[in-house]
Amino acid sequence: MCGIVGIVGKSPVNQALYDALLVLQHRGQDAAGIVTCQGERLFLRKDNGLARDVFQTRHMIQLRGTLGIGHVRYPTAGAASSAEAQPFYVNSPYGIVLAHNGNLTNADALKRDLFVDDLRHLNTDSDSEVLLNVFAHELQQQGKLRIDEQDIFRAVTGVHRRCRGGYAAVAMIPGFGVFGFRDPNGIRPLIYGRRETSDGVEYMIASESVALDALGFKIVADVAPGEAVLMTIDGQLYTQQCAPQPILSPCIFEFVYFARPDSIIDNISVYKARSRMGKKLATKIKREWSTHDIDVVIPIPDTSRTAALQLANHLGVSYAEGFIKNRYIGRTFIMPGQKVRKKSVRQKLNAISLEFRKKNVLLVDDSIVRGTTSQQIIQMAREAGAHQVYFASAAPPVRYPNVYGIDMPAASELIAHGRSDEEVARELGADGLLFQDLNDLIVAVQKKGKSHVDRFDTSVFDGVYITGDVTPEYLRSLEARRNDRAKHPHLMNCETALDLYNSD
């Protein structure tokens, strides 16, 4: 999962790009990068770390120019190294820089084609570099010294023809402008806006609407699936549909967890969607557990608060903040290896015993993925004095890997994979477990009459991959690349040695 932004301004954009990346930091905490353009020259700064750490005053001063793009990264493919930090640059043709959010499901085939047919060299394992080189080749094929908007749109059409998967991208060509495009299924989000200044109109494109809001840009529209949007250096805006049969199919997990609650994606309020998730859960409890003995509903900070509050209100039971979060600890899924991940939960959350003691508690989380964090939190609730600990998920059980840009674990590491709800409850150590029904989740997110969504990508819940090209062989390859042992062989070897030592 990544965050992307592009701005065409009338004054230097370095500060605006930095501010936008801070707002989008929740989408990626592994690396950050900005490229700006002044005249025909590009200025780049990127490195591992949070945006606030990557960009110091000396770097910002050097990022000159009135147009630029930025990126925050959490790796879903490739290594977590500074070489993988974005944006990426290719000098031919014209000098193009690109930042990308998503994942290409046919990246391996594209790499072969780029080398054998297009005679292009790739320097990293990132599929973002693959996407950039496919676009660059399609643009170069037109053989023009000076390009216009139709050349950009034809090149994006070529990208859609060759690339599969979920992708939203922003790119820039020196002296020309900034453009963005979204895959024909619109799996990953992308939105653009404008603002009036005394010097003229400025444009911005970003992963989420909150970035536009923070900088005072008025939303124009979401980028449609398959569409390309071009903002030129002279203040012109062009849009064109570049895919033959686009179908708006956004990732439903954006609404469950990843997007900020104050974002609007494809005309759907993330906050309102999560509120409706809570109502749906309450309805299910009333239907299937009418004699419940829940004393208090407690959310797992932060993304489950909205759903938990609505659930409590509709059940007519108390709501309480039972966990205090340490704001200075990163997300647990960033921590390498299960043992480190378990330790980080205790560092991240602390229970308020008064809210748990001698009570039947319903803990509410947005979803359950590995289950490692949920197990620890349930144990913390028991240690705080809870009589019974029930657990509710605002999403259905996650049983399948994501292949479109979310760094979920391998299938074998998903706690619900191959298990019934009852078996998951036992693994978690919960006295009762409730999952949202998939149909209820879809209804909760797609408020009738509020969006133009044709369907959602719900593959992590039902195993149906909407691009139609995800084979069992691909999933096996993904499993081999994503499991903890493959990602952190040195750490896993140390843990294995420690386990063997302790067993003796």
Side-chain angles (χ1 to χ4, degrees), residues 256-257 274-275 277-326 332 341-399 414-417 419-437 440-441 444:
V256 170
Y257 176 72
R274 290 177 185 169
S275 177
M277 291 176 204
K279 295 177 184 178
K280 289 291 185 183
L281 270 177
T283 300
K284 182 173 182 178
I285 290 175
K286 290 178 180 179
R287 182 178 66 246
E288 299 184 2
W289 190 19
S290 59
T291 59
H292 72 81
D293 57 352
I294 300 168
D295 295 318
V296 61
V297 172
I298 294 178
I300 311 302
D302 287 313
T303 49
S304 61
R305 280 198 175 101
T306 305
L309 181 58
Q310 289 299 325
L311 187 156
N313 287 341
H314 280 73
L315 283 184
V317 300
S318 297
Y319 170 90
E321 292 285 343
F323 293 102
I324 299 300
K325 186 175 183 179
N326 182 348
T332 57
R341 188 177 291 110
K342 287 181 180 180
K343 180 181 177 182
S344 72
V345 175
R346 297 281 179 164
Q347 296 171 336
K348 187 175 182 179
L349 294 176
N350 188 47
I352 302 175
S353 297
L354 289 174
E355 299 296 348
F356 292 90
R357 193 171 300 144
K358 297 181 181 180
K359 294 179 182 178
N360 297 330
V361 178
L362 176 64
L363 302 178
V364 179
D365 209 349
D366 50 75
S367 58
I368 303 173
V369 182
R370 288 179 184 266
T372 309
T373 299
S374 302
Q375 289 170 339
Q376 294 292 300
I377 289 172
I378 289 168
Q379 183 60 33
M380 289 171 66
R382 294 198 189 282
E383 292 171 2
H387 177 59
Q388 295 279 87
V389 182
Y390 309 118
F391 206 97
S393 168
V398 176
R399 292 196 163 103
L414 300 169
I415 193 169
H417 181 73
R419 290 189 177 100
S420 67
D421 293 358
E422 292 75 19
E423 289 170 331
V424 174
R426 285 196 295 272
E427 286 289 323
L428 294 178
D431 296 306
L433 177 64
L434 183 78
F435 283 107
Q436 186 88 262
D437 292 336
D440 283 345
L441 176 63

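Only a predicted model underlies this, so the values are computations on that prediction, with no experimental measurement involved. If you read the sequence from its start, that first residue is 1, and numbering goes on from there.
- Nearest heavy atom pair, residue Asp366 against residue Ser304, reads N-CB, 3.6 Å.
- Note that CG of Asp365 is 13.0 Å distant from CD1 of Ile298, once rounded to the nearest 0.5 Å.
- The ring pair (Phe, Tyr, Trp, His ring centres under 6.0 Å) test applied to Phe356 returns Phe323, not counting sequence neighbours.
- A salt bridge is absent between Arg357 and Asp295: the closest approach of a Lys/Arg side-chain nitrogen to an acidic carboxylate oxygen does not fall below 4.0 angstrom.
- When all heavy atoms of Ala312 and Ser318 are compared, the closest pair comes out as CB-O, 4.1 Å.
- Contact of the Ser393 side chain with the Gln436 side chain is not registered, since no non-hydrogen atoms from C-beta on lie closer than 4.5 Å.
- Ile300 is not listed as a side-chain neighbour of Thr373, based on a closest heavy-atom distance of 4.5 Å or more.
- Classification of Asp440 and Lys284 as a salt-bridged pair fails, no side-chain N sitting under 4.0 Å from a carboxylate O.
- For Arg382, the salt bridge (Lys or Arg N to Asp or Glu O under 4.0 Å) criterion is met by Asp431, not counting sequence neighbours.
- Distance check, rounded to the nearest 0.5 Å: NZ of Lys279 to CG of Leu315 gives 13.5 Å.
- For Val297 against Ile294, the heavy-atom pair with the smallest separation is CG2-CG2, 4.3 Å.
- Side-chain contact between Arg370 and Ile415 is absent, with no heavy atoms from C-beta onward closer than 4.5 Å.
- Residues Trp289 and Leu434 fail the side-chain proximity criterion, which asks for heavy atoms closer than 4.5 Å.
- Annotation: the span from Glu355 atom CD to Lys359 atom NZ amounts to 5.0 Å, rounded to 0.5 Å.
- Side-chain atoms of Lys280 never come within 3.5 Å of backbone atoms of Asp437 as a donor-acceptor pair (strictly under, hydrogens ignored).
- Side chains of Asn313 and Tyr319 form no contact here, defined as non-hydrogen atoms less than 4.5 Å apart.
- Looking at heavy atoms from C-beta onward, Val317 lies out of side-chain contact with Leu362 at the 4.5 angstrom threshold.
- Minimum interatomic distance between Pro396 and Leu441 (heavy atoms only, all atoms of both residues): CD-CD2, 3.5 Å.
- In this structure a side-chain-to-backbone donor-acceptor pair under 3.5 Å is present from Arg274 to Tyr257.
- The minimum heavy-atom distance between Val364 and Ala308, with the atom names listed, is CB-CB, 3.8 Å.
- One distance of note links OH of Tyr390 with CD1 of Ile378; it measures 12.5 Å at 0.5 Å rounding.
- Scanning all heavy atoms of the two residues, the minimum distance from Met277 to Ala394 falls at SD-O, 4.1 Å.
- Side chain of Gln375 to main chain of Glu427: a donor-acceptor pair is present (N/O by atom type, distance under 3.5 Å, no hydrogens or angles).
- Between Thr306 and Ser275 the shortest side-chain heavy-atom distance falls below 4.5 Å.
- Here the CG-CE distance, from Asn350 to Met380, works out to 6.0 Å after rounding to the nearest 0.5 Å.
- Within the 3.5 Å criterion, the main-chain N or O of Arg419 finds a donor-acceptor partner in the side chain of Arg399.
- You'll find the side chain of Lys325 reaches within 4.5 Å of the side chain of Leu349, heavy atoms only.
- Between the CD1 atom in Ile285 and the OG1 atom in Thr291 there is a gap of 11.5 Å [rounded to 0.5 Å].
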